[in-house]
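Shown next, in structure tokens, is the structure this report addresses.
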Amino acid sequence: MPESGAVLAFDFGEKRIGVAVGDLTLKIAHPLATIAHENNEQRFAAIEALLAEWRPTALAVGLPTYLDGREHEMTRLCRKFAQRLRARFGLPVVLVDERLTSHSADAALAESGVHGRKRKAALDQVAAQHILQTFFEMGRHAAA
């Protein structure tokens, strides 16, 4: 894992992918974008554009599981997404436990007074922000 540089984090979903950005030195995550394209070609083109703009040195992908840690279908899809990112872009990809990140993102948006459509539009990227902040808190214990 690099010592410095930008990191992009992804909250993968079948309909939308939330994206957050942060820096390995500062260890502060910020919501960035929501990718809502229908097909994988468009999704990966949007990701490639973000990579060209932010030039990250690493990527983080949220790994959903049941609360007890058991895996499910979305776990498999997120692992596949992470493998595709690694193969396509040649960057280190870290899987981050994302249990309850959507819930905490929703609570943070509600607390900030963001409601309705605005909250739905921001939810995935704020969940990605929480995933990235978890990654920063994991430090060198992050598993690739």
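Taking the side chain as every heavy atom from C-beta outward, T75 and L63 approach each other to under 4.5 Å. Considering only heavy atoms from C-beta on, L59 comes within 4.5 Å of L51 through its side chain. You'll find the side chain of V94 stays beyond 4.5 Å of the side chain of V7, heavy atoms only. Within the 4.5 Å cutoff, side-chain heavy atoms of N40 are placed close to those of R84.
Scanning all heavy atoms of the two residues, the minimum distance from K27 to Q133 falls at O-NE2, 3.1 Å. S4 and T57 make their closest contact through O-OG1, 3.1 Å (heavy atoms, listed as atom of the first residue, atom of the second, distance). Nearest heavy atom pair, residue A82 against residue L95, reads CB-CD2, 3.6 Å. Of all non-hydrogen atoms in C78 and V61, the two that sit nearest each other are O-CG1, 4.1 Å. The nearest pair of heavy atoms linking A20 to Q125 is CB-O, 4.1 Å. In terms of heavy atoms, H37 sits closest to R43 at O-NE, 3.3 Å.
Rounding to the nearest 0.5 Å places CD of E137 at 10.0 Å from CG of L132. Summarising the geometry, atom NE2 belonging to H72 is positioned 6.0 Å from atom OG1 belonging to T65; distances are rounded to the nearest 0.5 Å. Atom NE2 in H130 sits 12.0 Å away from atom CD in E98 (nearest 0.5 Å). Here the CG-CH2 distance, from D23 to W54, works out to 10.0 Å after rounding to the nearest 0.5 Å. In this structure, D97 CG and T134 OG1 are separated by 8.0 Å, a value rounded to the nearest 0.5 Å. Q83 contributes atom CD, which lies 7.0 Å from atom CZ of R86 (distance to the nearest 0.5 angstrom).
Using cut-offs of 30° and 60° on the angle between ring planes, the pair F44 and F81 is tilted.
Put simply, L77 and I35 are part of the same group of oily side chains (I, L, V, M, F, W, Y) that touch within less than 4.5 Å, one to the next. I28 and F136 fall into different hydrophobic clusters, defined by Ile, Leu, Val, Met, Phe, Trp and Tyr side-chain heavy atoms under 4.5 Å apart, directly or through other members.
The 12-atom threshold is not exceeded at CD of E41, counting heavy atoms of other residues, nucleotides or ligands nearer than 6.0 Å.
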